[in-house]
Amino acid sequence: MATGAAPARFHRAFFVGALTIVAVLALWWVATTGTRWLNPLRLPAPSEVWAALQQILDRGYAGATLWQHAMHSLGLVARGFAVAIVTGIPLGLLMGWSRRAEALINPIFLLLRPIPALAWIPLAIVWFGLGDTGKVFVIWLTAFVPAVINAFTGVRNVDPVLIAAARTQGASTAQVIRHVVIPGSMPLIFTGLRLSLQASWTTLVAAELVGAFFGLGRVLNIAGQDIFPGMIIVGMVAVAVCGAATTWLLGLLERRVLNWRQAI
Amino acid sequence: MANRNFLGPAGTVLGVVEFWLLTLAGFTLFFGGWMLVAWSGLMPANLLPSPLAVWETLVRLWNQPFAGHVYAEHLTASIGRFLMGWAIAVAIGIPLGLLMGWYRILDEIITPLFDSIRFVAPLAWVPLAALWFGTGIGGPLLIIFVGSFAPCLISAYRGARLVEPRLVEAAQTMGASGRRIIQHVLVPGAMPSIISGLRVSAGLGWQSLVGSELIVVGAGLGYLMVQGQGNLATNIVIAGMVGIGVVGFAIDVALRGVEAWFKRRWGQT
Amino acid sequence: MSEIVFRGVTKTFRLPKGGDFLAIDTTDLRIEEREFVAIVGPSGCGKTTLMRMAAGLEFPSTGSVEVGGRAVRGPGPERAVVFQQFALMPWKSVRENIGFGLMCKGTPRAEAEAAIAHYVELMGLAGHEDSFPHQLSGGMQQRVAIARAYVMNPAALLMDEPFGALDAQTRIVMQEELVRLARRNPRTVLFITHSVEEAVYLADRVVVMGRKPGRIIETIDIRPLRESEAWESQPIEEVMDRPSFTQMRSRIWKLLKAREAQNA
Amino acid sequence: MLRRILIGGIAALSLGLAAPVLAQGTPAAPQRLNISIQPADFSMFPVFLAGEQGWWRQMGIEPTITFFPAGPPQVAAAAANAWDVGITGSAPAVLGASRFNLRTIGISNDESQTNILMVRAADLAGIRANPASLRGQRVLITVNTTVDYVLQNCLRTFGLARTDLQVVNLAQAQILSAFSTGEGRVAGLWAPNIYTAEERMGAVPLCSGSDAGATVPSNIVVRDDYLRQNPEMVARFLATVLRGIAWTKTNREAALQSMQRFYAQGGVTISPAALGAEIDRHPTFGLEEHLRLMDRGAGPSQVDRWFEGLAAFLAQVGTVANPPAPSVYITDEVLRRIAGNPALRAFALNQ
């Protein structure tokens, strides 16, 4: 039940996964189109989603084509994510390394953390206006948290013996941080980055409530206002595809950086 | 011997007094900085009211109804909504995650479906939630459910996969049936992972709350904030954020307590 | 000058639930220059704590630890440590692990390369210079750790159960190699082990410790026996079969057992 | 209130199971009715007033009132049968008509004067003198709504096209926040947000729906299947709303006090002057006027014509692909049922 030859297992999983997706799509078609068990007004039929996709690809929807919306959102997510990395990881490392810094910063961090992106939108608008800054701010807020937490946990999980060993070889604090603490935290930092990236994408819809001209979040918001289920599904799929693609890219980077890790 | 921090994080443990002094200093810096910015006139009050103004607003909202209810009623409405949605996520996510860990076929069926909706924001479900479940309770609950379901499922699944295969084998050699193995080996073995997953999921579920209050209104912190914004009352908006922050913090602290209790009981440190 | 001197050392730990725990009671020990001293004792007798104090990773509650006539104030490259868990940095290659201390010291590149190559050769690591630790067996990893200690040309070597994590065969091979190495590069060595056999075979003097509280029960000089029987010119298995060796072993065993019986 | 919602929810649930049995109730045994409205909006006021005045009970109605923050979720919830009757904006009403068979059975009020493009006082003269100066400027608006329809018509009178401007889509509360911090040249707002903008931000009207010839009513709506199964209940509901409209016209002072409570419940702090303006700026229609406005005796009714323009707009912006003809979803059958029933008629006329 728990073992098996790896390649065979992979093939099987791939096969079952593909079959499941096909089965769900078929069930969807049957329920909405074949038999009309479900009212197509509540769950759009595949043909309606297809038509919505055609519409947004050819004629555009909410002011632009799907491609333009996606590129715009990608830009926003990239910026929010980048700012989260640049601010979150050093803060997490600092809090992990120094218990004093932890005691100083952590309570505030814990108090601000549960406030969702959506709740910041009124302030984002009055502080940053309707430009991209406000949207990047909202994305940063959510992407920031996993970056901090995982960098923090990463430092705390570095084997103290490694630090002791480096010390006995005459390493200075800076050398210990550079050669032991940071590489030792890297696996968890990457876990955090993956969560941050996911958070960035899931916050996009909220971020684009800050008066967006383009973007997948705007597509979803307008489709929601128009009660256009086909387009809502198109928007959701587009966000999911962008999220999966960027996560895959991050995975490539991770494999390069963590090449020293035992292949699992 | 002066600097004993040479071992880094593992080497230093703060004294109780020093810890609380630093915590206090952190709060002082945060609120003091806020107060200074608010009072300096750099930010007008409708952009950033001072902490004192927010406090006064809180006291007022506590005693006088705003948007139809006093603050405590908004709080309880939000908490009730959250608890229901979260309970459903836990009730479905954890058993499903355990079963996925135990039956590989279920894992293979669900994982691709699950992966494909992971990136979709809870907020994106708002229009569909209203369409599918209306407002009675269903719509708002779906949003919280979507927000908190994933960590429940993943943590139970990971927990089940991390159970020592030898424990399972030992139970099998003692003649335990599948059901008994799940009950006596799998669930307790997965417990530490489940508990930490509960913490994460409660946090995320609470964060979806404001989104859920976009579907139907009446009472709730999110509603309070939107109405405050409609009145150009940033102090009310921040008062709502304070409530969300404090309750979220309390939920986290409570679940941390549960986590610590379990760790002690199961002899992990 | 690199003798290690413990003078009236005690160590108490604060317990998490309050109260103090006396780990080491007033202990005096002097390890002469180029002397190989092994400490044996049951778990919890404080032998590792003694070594960590010499390394500068911990400090005595009262008394003092001096190496080469200077009080120990922290870790330093002149006192190399070999840890039981190898403590190799998983993200650095064999070459980088061995050269880490040299890099910290700022040794010129060519000089460092030559030193690394010398110890790679000596420890039988040739061909593995660019491997990552997880690609090596436990025995090979411990060779890297020992090479890393020697390459610093330390005045004192502190070894904390260096072979504890190895299987029985590898362990014997490593013990022989250590003897060979110690003869070619004599150093002041403090060697912690719970294997009586290992202590008797390797050390000039064996210090027997008991616990509750941790203190020295007896110190036994092995040198007369080893020199008179010329152990070093014979294979390890033959040495360990000699009646003089087994007698010495059981003498130490009895000491340990008697002490434990008192506690029980 | 909270408890009422909870109890109401539970009761609604049990009613759903027991509905067929209770189908023909009498005023003695009040019948459950799920009503949807939005908070703090004048067009919804009759529903609140009826509760305060005890009219529901008189009509044998046990109401469960659900508040929605905006039209789209309200209309979407109709698809999930979350409510039976309600009052909503005209844009969501057309949307609901085209997607979920929502029927319009009356007009709660005319909001043409309270769907307004507003500007800062200092900008007014300049823009009036030269509307073309708006080119490339930002307009903050809730898109695909009535105020967007007003924007469309106002731009036509200015000789501008939508593409000449940067249209920023924001919810009403967010427009207020953004406009108050200097964002945008024009803000598209409806009541009661216009008063907040006027009183606290010094904003002034540039162009309203009535200025531009765009009539934006708000609609009294019902789910089609509920109307077919319970025409009597729908008539009682509409009669109650009409009574509220009639009563407000003749009891201004008392109505103002009641409105104050209604707006406070919805979280809107509003000045007495603005409350008065709410009544003054909203033309409302009693039973007789309704019958006239919705009469199709000589071709399309007045109301039909109002909706043709709006529907064309919604089709143009892509909200509704092929909007149905007004005759499909606007019906005066409930009005005629009231007119034909002396008791209901007298009730609706507040006699």
Side-chain angles (χ1 to χ4, degrees), chain A residues 6 89 92-93 96-100 102-103 150-151 153-194 250-264, chain C residues 48 51-52 54-58 67 72-94 96-107 130-136 141 144-145 147-154 156-162 165:
Chain A
I89 293 179
L93 291 175
W97 177 255
S98 156
R99 285 192 193 265
R100 287 196 181 81
E102 185 198 354
N150 283 279
T153 318
V155 174
R156 287 293 158 88
N157 283 356
V158 170
D159 189 349
V161 172
L162 285 185
I163 298 174
R167 285 294 188 187
T168 61
Q169 291 172 87
S172 65
T173 298
Q175 280 166 330
V176 167
I177 289 176
R178 167 144 179 249
H179 293 281
V180 184
V181 175
I182 291 180
S185 323
M186 247 341 145
L188 266 176
I189 287 178
F190 266 99
T191 306
L193 290 188
R194 224 170 312 153
L250 188 67
L252 287 187
L253 180 70
E254 180 175 2
R255 266 199 293 283
R256 278 191 75 90
V257 173
L258 301 182
N259 61 346
W260 47 268
R261 275 222 291 190
Q262 207 155 352
I264 301 163
Chain C
T48 293
M51 184 227 78
R52 290 176 65 88
L57 297 171
E58 265 168 51
V67 176
V72 174
R73 291 182 184 281
E78 76 286 356
R79 283 159 286 131
V81 181
V82 179
F83 295 88
Q84 177 182 7
Q85 310 89 326
F86 316 141
L88 300 179
M89 291 178 228
W91 45 86
K92 289 190 186 292
S93 66
V94 166
E96 289 167 332
N97 263 294
I98 297 176
F100 180 75
L102 297 174
M103 184 206 75
C104 291
K105 211 163 77 176
T107 310
D130 295 314
S131 302
F132 285 116
H134 76 87
Q135 295 166 317
L136 303 176
Q141 291 187 31
V144 177
R148 179 174 75 175
Y150 269 99
V151 82
M152 298 300 291
N153 195 19
L157 261 177
L158 310 168
M159 300 191 171
D160 184 14
E161 301 194 35

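Order of the sequence lines fixes the chain letters, A, B, ..., with proteins taken first and strands second; residue numbering starts at 1 for each chain. Nothing here was measured: the structure is a model prediction, and the numbers come from that model.
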I'd like to verify something: which residue of C:Arg79, C:Gln85, C:Met103 has the highest number of heavy-atom pairs under 4.5 Å with chain A?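 Highest number of heavy-atom pairs under 4.5 Å: C:Met103.
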Regarding C:Arg148 and C:Glu96, does a basic nitrogen lie under 4.0 Å from an acidic carboxylate oxygen?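 Not counted as a salt bridge, because no side-chain N and carboxylate O are separated by less than 4.0 Å.
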Please step through side-chain contact (heavy atoms from CB on, under 4.5 Å) for the pair A:His179 and C:Lys92, ending with a clear verdict. CA-CA 9 Å; A:His179 293 281; C:Lys92 289 190 186 292; 2.9 Å; yes
Quick check: does any side chain N or O of [X] sit under 3.5 Å from a backbone N or O of [Y], one acting as donor and the other as acceptor?
{"X": "A:Gln175", "Y": "A:Ser172", "result": "yes"}
{"X": "A:Gln169", "Y": "C:Pro77", "result": "no"}
{"X": "C:Arg52", "Y": "C:Gly56", "result": "no"}

What part of C:Met152 lies closer than 4.5 angstrom to a heavy atom of chain A: side chain, backbone, both or neither?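 C:Met152 touches chain A through side-chain heavy atoms alone.
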Counting only heavy atoms closer than 4.5 Å, note whether C:Leu102 contacts chain A via side chain, backbone, both or neither.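 Neither part; nothing is under 4.5 Å.
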Answer with side chain, backbone, both or neither: which region of A:Thr168 has an atom nearer than 4.5 Å to a non-hydrogen atom of chain C?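 Contact with chain C involves both backbone and side-chain atoms of A:Thr168.
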Can you list the residues that meet the side chain to side chain donor-acceptor pair (under 3.5 Å) rule with C:Thr48, with sequence neighbours excluded?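 If we apply the side chain to side chain donor-acceptor pair (under 3.5 Å) test to C:Thr48, skipping adjacent residues, the hits are C:Asp160.
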Name, in order of residue number, those residues of residues 182-189 of chain A that have a heavy atom at a distance of less than 4.5 Å from a heavy atom in chain C; otherwise write 'none'.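 Interface residues of residues 182-189 of chain A: A:Pro183, A:Gly184.
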Quick one: CG on C:Asn97 to CG on C:Leu136, what's the gap to the nearest 0.5 Å?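 One gets 9.5 Å once the value is rounded to the nearest 0.5 Å.
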Walk me through it: do C:Lys105 and C:Glu78 pass the test salt bridge (Lys or Arg N to Asp or Glu O under 4.0 Å)? CA-CA 11 Å; C:Lys105 211 163 77 176; C:Glu78 76 286 356; over 6 Å; no
